[in-house]
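Here is the structure we will look at.
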Amino acid sequence: MNLTLFLLALFDGISYAALIFIVALGLTLIFGVMRILNVAHGSLYAIGAYATASLTGWMLSLGFAPVLAFPLMLVSAILVGVLLGGPIEWLLLRRIYHKPEVLQLLVTFAVFMILEDVQRLVWGTQPYFQASALQALGNVTVLGVTYTVYQLILLPVLALVLLLGLRVFLRHTIIGKLILATTEDREAAQSIGIDADRVFLFTFIVGAVLAGLGGALASPTTSILPGMGADMIVLSFAVIATAGLGQIEGAAVAALMIGLGRSFAVYLWPEVAVLVPYLIMVLVLLVRPEGLFGSPVARKI
Amino acid sequence: MTVRSPDTTAPHPVASHPPTSRTPASGRVPARHVLTALGILALIAVPFVVPQLQLLINLALAKGLAVLGVTVILRAGQVSFGHALFFGISAYAGAFLISAWPGADLIVVLIAGALGAAVSGLLVGLFVVRYRGIFFGMLNLAFSMIFWSILEKFYHYTGGADGIRLTRPTVLGHELGRADFELILFYLAIALMVGLGWFTLRWLASPAGQLFQTLKTNETRLEYLGLSPRRVLLSGYVLSAVLCGVGGSLMGMTQGVVTPEYVWWVRSAEMVFIAVLGGAGSVRGAFVGALVYEIVRIYASAFAADIWQLLLGVFLLVIILFAPGGIMGILDGLTGRARPAGKVLK
Amino acid sequence: MLEFRNVQASIGIIQILRHLDFRIAPSETLALIGRNGAGKTTFLRSIMGFTRVEGEIHFGDIRLDRLPPPKRPGLGIGYSPEDRRLFSAFTVEENILLPAQAARLSGAETRKRLDRVYDILPELREMAGRPAGNVSGGQGKMVALGRALMSGTRLVMLDEPFQGLAPALAQRYAAALRALRDADRTITLIITESNPSLLRGFANRTLVIERGEITEGSLEPERAHA
Amino acid sequence: MTASQTAAVPLLETRNLTIKFGGITAADDVSMTIEAGRNLAIIGPNGAGKTTFLNICTGWIKPKSGQVLFEGRDITPLPPRKIVARGVARAFQIPQLFTEHTALENLLIAVSAREGLRNPLRPMHRIRQRDEMMALLEMVNCADVADRLVVELSEGQRKLIDIAVALALKPRLLLMDEPTSGVASSQKHEVMEILIAALAKARVTSVFVEHDMGIVSRHADEVAVWNTGRVQLRGTPAQILAHPDVIRDVIGEEIA
Amino acid sequence: QDKPEALQVGMTTFLTGSASVFGVPARDAMDMMVAELNEAGGINGVPVRMTYIDEGAGAEALTSEFRRVAGQAEVMMAGISSGNCQTLAPLAEDLQVPNLMWDCGTQRIFEEAEYDYVFRTQANATAEMMAAVVYLLQTKPDFQTIAVVNQDYAWGRDSWDIFSNALRVMKPDVEIVGEFFPKFGAPDFSAEISRLQALQPDVILSTSWGGDLDTFVQQAFQRGLMNSSTFVLPLAESSLQRLGSSLPAGHIVGARGDHYFLHPERRDDADFQAFVTGFQEKTGSIPIYSVFHAAQALEAMKAAYEKAIADNGVDWPTEDQLLAAFEGLEFQAFGRPITLREDNQGVEAQLMGTSVQTGDYPFATLENIVIYDGAQLLPPVGEVSLEWIGGLDASYLDGVQSDSFEN
Ligand SMILES: Nc1ncnc2c1ncn2[C@@H]1O[C@H](COP(=O)(O)OP(=O)(O)OP(=O)(O)O)[C@@H](O)[C@H]1O
Ligand SMILES: Nc1ncnc2c1ncn2[C@@H]1O[C@H](COP(=O)(O)OP(=O)(O)OP(=O)(O)O)[C@@H](O)[C@H]1O
Ligand SMILES: [Mg+2]
Ligand SMILES: [Mg+2]
């Protein structure tokens with residue numbers, strides 16, 4: 001593999017990693033704070049994509065400029081977070097926080113099943129494709145290979161912004177601290193005056209917005225069709241487990257490893273490209289049982 | 001320094017569903033035993049009374065065995081998203097055996113499958129018992145997905161997504177037609193359900209099984225009782241793999257074909273789903289859950305094909321929110337064997 | 001200040017508190033004593049809202065039992081749980097500051113309260129920067145106590161605060177709490193303790209709890225037993 | 001093993017144990033011997049390293065340097081379970097119990113672990129040792145809650161059951177971390193009385209960390225004082241509890 | 001035999017999952033056609049009643065549902081997925097219920113076993129790939145290098161096996177420069193596309209379908225890959241409308257049969273036009289090959305019943321009479337007529353074309369259409385596809401009968 005190919009693989013890996021990172025970010029946030037592995041995250045991702053494609057298509061049909069697709073992505077993400085994420089937490093999850101974790105997980109699994117069918121009822125089975133946002137930004141040619149600006153530059157930059165933003169928010173703002181405290185011990189948090197219900201609702205909505213945003217950002221690069229959420233959810237699970245629980249930086253590194261691993265596999269050994277996320281996960285956990293950035297738990301005896 | 005396993009950090013461990021079978025040794029036969037016996041009798045009568053349900057129930061029982069495997073793991077407070085792995089390994093072991101040796105005996109196929117599951121359970125287990133919680137679940141998922149990819153990739157050997165056909169095995173040397181063979185499989189499934197279910201119940205109540213269940217609440221103490229939590233988990237893990245494996249073998253022979261779909265993660269999730277539906281941690285619940293699930297699913301997909309998933313999801317939500325003890329919880333409530341409410345906490 | 005009107009609490013079908021009917025005046029210091037499992041912790045948890053109760057709990061003119069649990073510390077209630085419940089992701093000082101941050105206190109007020117905590121519990125100052133997850137059992141008790149003092153401006157509830165503390169330290173803290181009460185006559189203290197000797201000359205009222213029922217008592221119950 | 005040999009080799013010996021956590025020295029050159037058949041109390045200010053000492057002796061934490069010998073054999077590198085298997089049991093400062101099992105089941109599980117009961121078809125509830133375990137519960141005043149789930153018990157009850165679990169292992173050396181803290185004062189003397197008597201009868205050596213000087217003076221044969229990771233003093237209860245440093249740092253003027 | 005009240009037919013099709021892009025239109029078409037048929041009096045006065053079974057509901061649900069429905073139905077139609085056909089074909093044989101494999105492609109079924117009750121009313125993977133190879137070699141004989149990007153499951157692998165083996169014997173000098181099997185449902189082909197841009201193959205083959213194909217083509221188009229390489233997309237007929245302007249002119253498109261909403265031989269026929277318009281009105285989309293396959297299955301069934309009735313002079317045939325009628329049956333839906341060979345395999349013509357953006361439609365249509373006669377694209381009865389292909393050589397190309405159309 002020469003330097004050119006190496007760089008090409010690097011670019012591909014980064015842009016792919018950026019997208020899975022954004023999706024995994026919401027998942028790891030929810031998991032980190034609420035200890036719930038939200039299987040419905042995949043559906044929220046898919047619905048974010050569908051909503052963006054529909055809204056953009058509608059906007060274009062009204063004759064607006066394609067760049068307006070970008071604000072619409074944000075709008076879709078927020079709609080997903082508020083209209084779906086909010087009620088899921090508020091009506092369902094809130095009732096089972098005191099129950100075993102596996103029940104919480106299954107509630108999200110049930111929501112996943114429901115939303116899969118809802119998507120099909122609303123958007124049908126035909127794939128959607130709405131790439132005007134991506135076309136609006138044009139292409140760049142690097143080393144004789146053409147890339148879309150959207151994938152090569154916009155996605156990685158956005159991922160970085162989200163990473164830093166969320167990090168600063170959680171570590172350096174008071175709300176962030178209160179969220180972290182609630183994460184560790186819901187009842188103790190309440191006993192010092194933290195409204196854990198609000199924290200959870202807020203977190204879940206933010207996580208859902210991130211899922212929707214992931215879908216919105218993915219929408220111009222992919223066909224949107226039934227089942228797209230299921231694939232994404234498994235991938236993001238792999239990312240957050242590799243990363244270590246609730247680890248935001250870890251998720252970034254894990255997403256990069258998986259993204260790069262995949263793109264290098266395409267160059268070097270295409271047969272294993274599919275296996276890459278799982279192999280990376282097994283290898284990482286073999287060496288670091290708490291995940292890349294996970295830390296051993298505090299003493300208790 | 002030694003590190004504590006992540007799962008035991010929940011600040012207030014909360015009791016969930018039946019931790020032990022704390023049946024008081026009273027003289028009269030508990031309603032639960034009577035109901036179980038009636039249920040088994042009803043199943044035995046199925047081929048004569050409602051033959052059209054025979055296949056469905058046969059498949060459900062096969063799946064119920066796999067769910068039983070997942071249930072065992074749940075008792076240790078762990079959730080596996082990859083137990084379909086053993087389901088598939090065993091089914092494929094049977095398929096390879098039959099294609100290498102056409103006309104192999106049913107019992108041989110079953111034993112080969114269980115052995116395959118046991119060996120792979122031991123190997124995978126040696127690795128995954130180091131982890132708890134989501135890591136445990138995800139690593140199981142990873143192994144099942146790796147196996148899934150292998151099945152899809154090496155399609156010259158595995159038939160890829162189309163899978164492998166299992167020609168009908170002989171039964172004690174006899175070649176049978178479909179109807180006879182299916183009847184035998186059906187009763188075999190019932191026998192296995194009764195036998196393995198009984199064994200699992202006894203195992204769970206025995207010291208070994210009780211030790212296994214302590215993993216859910218306190219591994220530190222387990223270590224300070226002089227035992228290795230990993231080894232304790234491994235014992236139950238292998239048992240659960242074998243149970244899944246027997247289910248997989250049965251399923252393969254009943255369907256006549258094995259496909260990579262057998263190990264797909266959604267199938268693993270479905271097993272967990274059924275385990276909770278039946279009553280998380282309940283041995284009988286595994287089978288009751290599987291029967292109810294299959295029936296609901298068949299009828300939902302037959303009469304509301306567009307929204308069967310939606311219906312199933314709603315069904316699950318209703319169970320979790322309103323009957324968290326699962327179907328067994330409801331049944332126990334009806335037969336007055338409700339747990340003291342003190343055990344449902346805070 | 002704090003008034004219980006026919007309060008009952010049960011967990012599941014087991015009744016744990018029965019017919020609690022009494023008032024605590026401001027500035028009172030109440031000692032709650034009783035055998036293991038008598039219901040002391042449950043009593044405090046019911047004030048915090050972690051145990052569901054029937055009946056009425058009044059705090060000043062507020063119906064406490066109707067208030068969601070996280071709103072209660074905002075009324076000036078501080079609670080130090082028996083099992084510490086520290087936030088291990090934070091340092092000792094951050095743990096102590098969290099109640100102030102949750103209540104969105106001003107910087108000056110936070111500073112003032114923090115100083116008060118350090119005055120009462122000077123050992124905490126040395127541990128301020130250490131991760132709260134690693135402190136020893138007794139140190140953890142101190143942090144929990146400090147954290148309770150942060151939000152407890154009107155009612156401080158301490159569940160076995162001296163458990164696991166070296167006696168020398170326990171005495172010092174008892175004295176400091178006594179001084180705090182003497183300095184601020186609006187504050188109410190409720191302390192559960194299985195070692196009543198520490199509370200002598202401190203509590204001006206003692207309640208004995210037995211199988212969930214409360215009777216007025218004196219601080220020498222175990223003499224009768226011995 | 002002859003009597004003279006038993007006397008020659010201390011049951012537990014530590015040599016120059018050292019460990020630091022970040023900047024905190026939790027064990028600083030700790031060398032201790034514990035003779036068989038005695039009850040040693042460990043006292044000291046909070047954070048002095050008492051629990052850490054027990055953690056090292058049972059293999060939970062590995063010292064940075066130094067050795068732990070049990071019956072003359074080096075057990076430093078062993079994990080807790082191997083040490084336990086050699087006859088050391090521990091009760092914890094924060095009770096370590098199987099919270100979704102009943103109190104009695106906790107003991108039955110412990111005894112199953114000790115006896116290595118492996119028959120998968122014999123229910124635990126029917127094992128021979130059931131009565132023996134009920135007696136243990138009786139001893140720690142918890143017979144009335146034998147059939148309650150541990151998660152439903154109060155902190156004090158858990159402490160007592162934790163001790164009973166350690167006893168169920170029939171150890172030769174019993175380490176207890178603040179056995180009476182959280183136990184109501186009306187009960188603790190009684191419980192300790194019975195406990196110490198039972199230990200003596202079964203010839204169990206015990207080491208217990210304690211903050212209650214009443215208990216120490218009554219039940220310890222010897223007292224060791226910990227301070228900032230070091231063994232500051234060692235002697236009989238009478239000597240130690242009267243020592244001015246101890247009064248200042250540990251006991252407090254008021255009680256003394 | 002007495003006429004039944006209704007002719008019960010069970011059909012398995014994907015109603016959920018990603019393959020529902022084929023399954024749902026096929027069901028919609030079937031409903032439409034059956035309604036028309038029943039309005040016109042059904043089959044000899046007997047109306048047809050359809051029951052659909054979701055192939056996406058998983059193997060257990062599928063087999064038990066199949067059995068339940070087969071218990072009441074006269075004829076079954078299963079299915080779309082090759083894996084499901086592998087399961088259901090032997091089951092139908094055991095249950096002794098006539099089963100029409102209406103859409104699945106695997107060539108293995110009839111090559112590995114003999115069936116009395118199972119018929120395939122369309123071609124199989126071998127015929128489809130052979131047509132693509134032949135068209136490629138005829139329209140672009142000089143290419144030197146090829147790469148493949150197929151979905152990573154049996155269809156993607158099997159089709160590449162057939163294609164590459166055929167290429168090897170007919171044009172041995174071609175170099176295979178890249179073989180990519182991204183996972184089924186992959187959302188992003190950026191890495192593959194970068195790699196392809198670096199490799200610059202003359203031809204890129206992809207037998208993907210549905211969203212995978214759409215994504216791949218869209219991304220390749222956006223990044224200019226379609227300017228430098230010729231794409232061979234044997235299933236792209238089903239994606240034409242969705243791809244819109246992203247499928248530029250000059251790429252090879254196939255249709256798994258002679259299925260095309262502007263079929264050059266059929267587009268002027270009234271029935272064809274009525275069907276296409278009707279379907280478009282009902283669903284808003286042009287009919288795709290799975291729709292045509294459904295039509296073929298229905299026509300085959302109808303033809304068999306009518307033949308059996310006529311041959312035996314009865315009101316309604318017995319099962320044996322019906323099975324006999326299927327032997328060598330000839331029928332026609334909205335393509336060329338199809339015949340069933342003695343191994344029950346359908347012989348179906350194959351249509352290939354080159355994409356062109358004419359402006360008549362907001363998406364690519366086909367030009368340089370060639371329709372290949374089906375018989376020569378299949379191995380002779382009793383032969384296994386890959387072995388048969390191994391024995392071919394370049395002269396095979398000249399023997400394949402075809403008709404060319406400009407558009
Ligand atoms: N979650 C629970 N479920 C059921 N019963 C409980 C629960 N928590 C406490 N109890 C019971 O309530 C009673 C009172 O418990 P509580 O913790 O209030 O006692 P306490 O007086 O604080 O005891 P201690 O001095 O040991 O801390 C006990 O008998 C206990 O078993
Ligand atoms: N795992 C650890 N990580 C970091 N620091 C630790 C750890 N364990 C103990 N320490 C520190 O070492 C010191 C000794 O702790 P230890 O628990 O042994 O004290 P102790 O004497 O038992 O105190 P107490 O009487 O309060 O229980 C404390 O300052 C504690 O914070
Ligand atoms: Mg208490
Ligand atoms: Mg300690």
Side-chain angles (χ1 to χ4, degrees), chain B residues 1-4 8 10 12-25 75-77 198-232 235-236 239 281 339-346, chain D residues 19 21 55-56 58-64 79-92 94-102 104-106 108-127 147-152 162 165-166 168-169 171 175:
Chain B
M1 66 169 267
T2 320
V3 151
R4 293 196 19 119
T8 44
H12 249 215
V14 170
S16 68
H17 304 293
T20 46
S21 49
R22 203 168 306 123
T23 340
R75 286 284 191 107
W198 178 80
F199 175 83
T200 309
L201 270 176
R202 292 303 287 239
W203 182 79
L204 286 170
S206 79
Q210 290 287 319
L211 279 165
F212 177 71
Q213 292 168 75
T214 64
L215 288 166
K216 188 170 184 178
T217 48
N218 200 324
E219 292 190 20
T220 305
R221 182 40 96 185
L222 193 54
E223 178 89 27
Y224 273 98
L225 292 182
L227 296 174
S228 156
R230 290 184 189 172
R231 191 143 339 136
V232 170
S235 64
L239 172 64
R339 315 184 55 73
K343 280 165 192 165
V344 185
L345 294 164
K346 286 171 197 158
Chain D
I19 190 158
F21 298 108
N55 280 343
I56 296 177
T58 55
W60 186 257
I61 292 177
K62 300 297 168 207
K64 211 170 128 248
R81 60 174 182 278
K82 298 244 167 85
I83 296 176
V84 170
R86 292 187 179 202
V88 181
R90 176 174 180 187
F92 294 83
I94 297 167
Q96 301 294 325
L97 294 169
F98 307 125
T99 47
E100 292 185 21
H101 284 87
T102 64
L104 177 60
E105 281 168 347
N106 268 271
L108 294 175
I109 289 171
V111 79
S112 313
R114 176 189 83 197
E115 311 264 303
L117 301 181
R118 279 282 175 269
N119 180 354
L121 297 181
R122 188 183 174 87
M124 187 176 73
H125 283 264
R126 301 225 193 102
I127 61 179
D147 287 324
R148 298 276 295 277
L149 293 183
V150 167
V151 55
E152 298 169 355
D162 195 50
V165 167
L169 293 175
L175 308 174

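What you see below is based on every heavy atom in this structure, not just the backbone, and it leaves out hydrogens, waters and symmetry mates. Within every chain, numbering begins at 1; the chains are lettered A, B, ... in the order of the sequence lines, protein sequences first and strands thereafter.
In terms of non-hydrogen atom pairs under 4.5 Å with chain D, the most contact-rich of Val232(B), Leu225(B), Leu227(B) is Leu225(B). Comparing Ser206(B), Ser235(B), Pro229(B), Gly209(B) by heavy-atom pairs within less than 4.5 Å of chain D, the highest count is held by Ser206(B). Contact count versus chain B (heavy atoms, under 4.5 Å) is highest, among Leu121(D), Val88(D), Asn106(D), for Leu121(D).
When heavy atoms are compared at a cutoff of 4.5 Å, Pro171(D) does not approach chain B at all. At a 4.5 Å heavy-atom cutoff, the contact between Asp162(D) and chain B is made by backbone and side-chain atoms alike.
Using a 4.5 Å cut-off on side-chain heavy atoms (C-beta onward), His101(D) and Gln213(B) make contact.
Going from atom OG1 of Thr217(B) over to atom CD of Glu100(D) covers 6.0 Å, rounded to the nearest 0.5 Å. Here the straight-line distance linking atom CZ of Arg90(D) with atom CD of Glu223(B) works out to 11.5 Å at 0.5 Å rounding.
A donor-acceptor contact shorter than 3.5 Å is absent between the side chain of Arg221(B) and the backbone of Leu97(D).
Among residues two or more places apart in sequence or in another chain, the side-chain hydrogen bond (donor to acceptor under 3.5 Å, both in side chains) test is passed with Arg148(D) by Glu152(D).
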Donor-acceptor contacts under 3.5 Å from residues 108-117 of chain D side chains, at least two apart:
unit_1, atom_1, unit_2, atom_2, d
Ser112(D), OG, Leu108(D), O, 2.6
Arg114(D), NH1, Ala168(D), O, 2.7
Glu115(D), OE1, Gln129(D), NE2, 2.9

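Each of Leu175(D), Val84(D), Leu169(D) was evaluated against Tyr224(B); a single residue qualifies, Val84(D), per the side chain to side chain contact (heavy atoms under 4.5 Å, CB included) test.
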